[in-house]
Amino acid sequence: MQNTKEQILKIIENTEEVINVEELEKKLTKKEKLTVKLGIDPTANSIHLGFAVVLRKFRLLQDLGHETFLILGDFTALIGDPSGKNKTRPMLTKEQIQQNLQTYIPQLGKIIDLSKTKIVYNSEWLSKMKPEEIVKLTSQYTLAQMLEREDFKNRYKSNEPISLHELLYPLFQAYDSVHLKADIELGGIDQKFNFLVTRYIQEKYNQEPEIAVMMPILEGIDGINKMSKSLNNFIGIDEKPLDMFVKIMSIPDNLIKRYFSLCTSIPSENVEKLFSLYNNPKDIKLILAKEIVSIYHGENKANESYDEFINVYSKRELPSNIPLIKLPNSLIDNDNNINIIDALYLTGLAESKAEAKRLLSHGGIYLNGNKITNKIVKYSEPFILRLGKFNYYSLIKE
RNA sequence: GGGCAGGUGGCCGAGCGGUCAAUGGCAUGGGACUGUAAAUCCCACGGGCGAGAGCCCUACAGUGGUUCAAAUCCACUCCUGCCCA
């Protein structure tokens, strides 16, 4: 076990806010193993780099030897965290949640040490709460306190619906910490309100308030909004190496340093060195992309993706793996002519014929490197289509 | 329980009897430019048929109605907000 000062420095590194450091120090000197809580909302079925920021901190606390609990919020998912939302979330069924978790947990293992992780479902205790206990819990907090919260306040002011059950979310989340007697809770800074409620409630239940370790919210590849699935600006940690690489390359230049600090373990002084070494941000971004891909897919795959990226996206050469698409024989007539609109639609490359026509009329279809303008073309192998800038498909006879 | 205002395309939001597959913004897709970009400019953005002009189908919460004609009017139902109890 490292000394307290060193631990604190590591814990607060790259955080957005910690409430509060003095209490953390006290806890660390008093107890060797702290109880660390991370609640996850099992509505997602894939983890993206934004959430990985929090998971990486969780991993750090594991490496520091603390007792780490991962709470699968199957009960609270029935409510849906209202944080940052301007709408009531749809409720999920138990089955949906169960299904999501099956793909979710293996992904977690890419970042955290599952052998050291105690995985618990909060329905274990929340479902067993008696109405009397719920009344006691809810009596600890007032409506005015709840409405201080930014998103509730906004929704209330702009006449958006707020269901009563949404008000319970922070309270149940708080109760999780009471149940675990949590010393530290991890989360994004968007959880601040919930964490403050939790600290307050813990005290009401005669517990020491937990330390809230809050990580920054990583911007998505649009560079503006927080990374999230619903905005489709995310980079999933289970994405294919090249897809991941390309997405990382597409982040705005001004986010390069942020991604380095939040998504990699490269020390900031090394990043500064890179910036003095290279003039073109693209070159630094290439290093960033390679680094992140290697975290999730290993160095070999990262190098392969790098080469592939240079080939396909810089040099505009053919990718090494072009998906093969089977072409039904009926599409090719006796004169070996093929209607490209029908072909795209029937092979699923275009969602509708209208979409395929749009592509064609905008000059977005290339056959073996040549732009095509007529929907009827002669079929001969190889028949490599490029749709848009970088989507290649090789169509072969069935 | 009473009164009022609403529910329109992925989202926001105009339209309030024919000229509406529905203005505008955002998002998205394609093109030009480029560093994969970004910024900027151009184009498209329900679906089917057609080389094309165009034609047809399905859509404006739901159901039923009025009308030659309805996103637009009426009735009822569902959903949301506000005011009064």
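Residue numbers begin at 1 in each chain, while the letters A, B, ... track the order of the sequences. Reckoned from all heavy atoms, side chains included, excluding hydrogens, waters and symmetry mates.
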Restricting to nitrogen or oxygen on both sides, can you table the protein-nucleotides 25-32 of chain B pairs closer than 3.5 Å?
{"from": "G29(B)", "atom 1": "N2", "to": "His362(A)", "atom 2": "ND1", "distance (Å)": "3.4"}
{"from": "G30(B)", "atom 1": "O2'", "to": "His362(A)", "atom 2": "O", "distance (Å)": "3.2"}

**Prompt:** In whole angstroms, how far is the C1' atom of A37(B) from the NZ atom of Lys247(A)?
**Reply:** 16 Å
**Message:** Please report the distance separating the C1' of G65(B) from the corresponding atom of C56(B), rounded so that it comes out in whole Å.
**Reply:** 27 Å
**Prompt:** Where each pair must be Watson-Crick or G-U wobble with both distances under 3.5 Å, what dot-bracket representation of RNA chain B is obtained, with crossing pairs in [ ] and other-strand partners as |?
**Reply:** ((((((((.[[[..)..(.....]]].(((((.......))))).((((....))))...[[[[[..)....]]]]]))))))).
**Message:** Check this for me: does the side-chain of Lys285(A) come within 3.5 Å of the base of U36(B) through a donor and an acceptor?
**Reply:** yes
**Any side-chain donor near an acceptor of the partner, Asn329(A) and Lys397(A), under 3.5 Å** = no
**Request:** Please say whether more than 12 non-hydrogen atoms of neighbouring residues, nucleotides or ligands are located less than 6.0 Å from CG in Asn270(A).
**Result:** yes
**Whole-Å gap separating P (C11(B)) and CG (Asn233(A))** = 18 Å
**Prompt:** Over how many whole Å does the gap from Met249(A) atom CE to G35(B) atom C1' extend?
**Reply:** 8 Å
**Request:** Respond yes when some side-chain nitrogen or oxygen of Lys375(A) is under 4.0 Å from OP1 or OP2 of A51(B), and no when none is.
**Result:** yes
**Asked** How far does the C1' atom of A32(B) sit from the matching atom of A59(B), given to the nearest Å?
**Response** 35 Å
**Prompt:** In whole Å, what separates the C1' atom of C33(B) from that of G25(B)?
**Reply:** 25 Å
**Item:** For Glu67(A), side-chain contact (heavy atoms from CB on, under 4.5 Å) partners two or more places apart
**Value:** Phe69(A), Lys118(A)
**Prompt:** In whole Å, what separates the C1' atom of A44(B) from that of A21(B)?
**Reply:** 15 Å
**Asked** Tell me: CG of Leu255(A) to C1' of A37(B), nearest whole Å?
**Response** 13 Å
**Request:** Take atom CG of Leu360(A) and atom C1' of C43(B), then tell me their distance rounded to the nearest Å.
**Result:** 14 Å
**Asked** Quick one: ring pair (Phe, Tyr, Trp, His ring centres under 6.0 Å) pairs with a partner in residues 211-267 of chain A, sequence neighbours left out?
**Response** Phe245(A)-Phe309(A)
**Request:** List in numerical order all residues of residues 333-356 of chain A for which some heavy atom is under 4.0 Å away from an atom belonging to RNA chain B.
**Result:** Ser352(A), Lys353(A), Ala354(A)
**Asked** Under 3.5 Å, is there a donor-acceptor pair linking the side chains of Asn194(A) and Gln191(A)?
**Response** yes
**Request:** With sequence neighbours excluded, tell me which residues meet ring pair (Phe, Tyr, Trp, His ring centres under 6.0 Å) with Tyr121(A).
**Result:** none
**Message:** According to salt bridge (charged side-chain N to carboxylate O under 4.0 Å, His left out), does anything in residues 343-366 of chain A pair up with another residue at least two apart or in another chain? List the pairs.
**Reply:** Asp342(A)-Lys353(A)
**Rounded interatomic separation in angstrom, taking CD from Glu317(A) and P from U36(B)** = 13 Å
**Request:** Report the distance from atom CD1 of Ile284(A) to atom P of U36(B), rounded to the nearest whole Å.
**Result:** 16 Å
**Request:** Please work out if Phe245(A) contacts a base, only the sugar-phosphate, or nothing of the nucleic acid, heavy-atom cut-off 4.0 Å.
**Result:** nothing
**Item:** Full working for side chain to side chain donor-acceptor pair (under 3.5 Å) between Asp238(A) and Ser46(A)
**Value:** CA-CA 7 Å; Asp238(A) 62 338; Ser46(A) 73; 4.7 Å; no
**Message:** Any residue in residues 288-297 of chain A with a heavy atom nearer than 4.0 angstrom to RNA chain B? Just list them by number, or reply none.
**Reply:** none
**Distance between C1' atoms of G17(B) and A69(B) (Å, rounded)** = 8 Å
**Request:** Provide the distance between the two C1' atoms, one in G18(B) and one in U67(B), to the nearest whole Å.
**Result:** 11 Å
**Message:** Under 4.0 Å, counting only non-hydrogen atoms across every strand here, what does Ser361(A) touch: a base, just sugar-phosphate, or nothing?
**Reply:** nothing
**Fill in**
Whole-Å distance, Ile256(A) CD1 to U36(B) P, equals 14 Å
**Complete:** Given protein heavy atoms under 4.0 Å, the one-letter contact record of nucleotides 77-85 of chain B, with B base, S sugar-phosphate only and - none, is simply ---SSS---
**Request:** Could you go through the salt bridge (charged side-chain N to carboxylate O under 4.0 Å, His left out) check for Asp63(A) and Arg59(A) one step at a time?
**Result:** CA-CA 6 Å; Asp63(A) 293 344; Arg59(A) 175 59 190 252; 3.0 Å; yes
**NZ (Lys273(A)) with more than 12 external heavy atoms under 6.0 Å** = no
Below 3.5 Å is the cut-off: list the nitrogen or oxygen pairs between protein and nucleotides 5-9 of chain B, distance only.
none

**Asked** When rounded to the nearest Å, what value does the distance between C1' atoms of C74(B) and C83(B) take?
**Response** 26 Å
**Gln173(A) versus Asp176(A), side-chain donor and acceptor atoms under 3.5 Å** = no
**Asked** Of all residues at least two apart in sequence or in a different chain, which pass the side chain to side chain donor-acceptor pair (under 3.5 Å) check with Asn233(A)?
**Response** Asp222(A)
**Request:** Check Arg199(A), Gln202(A), Glu185(A) against Ser177(A) for a side chain to side chain donor-acceptor pair (under 3.5 Å) and give me the one that passes.
**Result:** Glu185(A)
**Message:** Distance to the ring centre below 6.0 angstrom and angle to the axis at most 45 degrees; does that hold for Arg155(A) and Phe152(A)?
**Reply:** no
**Message:** Considering every strand and a 4.0 Å limit on heavy-atom distances, what is the contact class for Lys315(A): base, sugar-phosphate, or nothing?
**Reply:** nothing
**Item:** Close side-chain approach of Ile201(A) and Tyr175(A), heavy atoms under 4.5 Å
**Value:** no
**Message:** Does A37(B) have OP1 or OP2 under 4.0 Å away from a side-chain N or O of Ser250(A)?
**Reply:** no
**Prompt:** Reckon Asp253(A) touches a base, only the sugar-phosphate, or nothing at all at heavy-atom distances under 4.0 Å?
**Reply:** base
**Asked** How far does the C1' atom of A71(B) sit from the matching atom of C20(B), given to the nearest Å?
**Response** 9 Å
**Message:** Given the ring of Tyr296(A), does Lys110(A) sit roughly above its face, with NZ or CZ under 6.0 Å from the centre of the six-membered ring and within 45° of the axis?
**Reply:** no
**Prompt:** Under the ring pair (Phe, Tyr, Trp, His ring centres under 6.0 Å) rule, what pairs show up with a residue in residues 9-61 of chain A, not counting sequence neighbours?
**Reply:** none
**Message:** Check the orientation of Phe172(A) and Phe75(A). Use parallel for under 30°, tilted for 30 to 60°, and perpendicular for over 60°.
**Reply:** perpendicular
**Asked** Should Glu299(A) and Lys290(A) be marked as a salt bridge (charged side-chain N to carboxylate O under 4.0 Å, His left out) after you check the CA-CA gap, both sets of side-chain angles, and the distance that decides it?
**Response** CA-CA 8 Å; Glu299(A) 207 175 325; Lys290(A) 201 151 96 176; over 6 Å; no
**Asked** For residues Asn368(A) and Arg386(A), is any side-chain donor paired with an opposing acceptor at under 3.5 Å?
**Response** no
**Prompt:** Would you call Lys5(A) and Glu25(A) a salt bridge, using N to O less than 4.0 angstrom?
**Reply:** yes
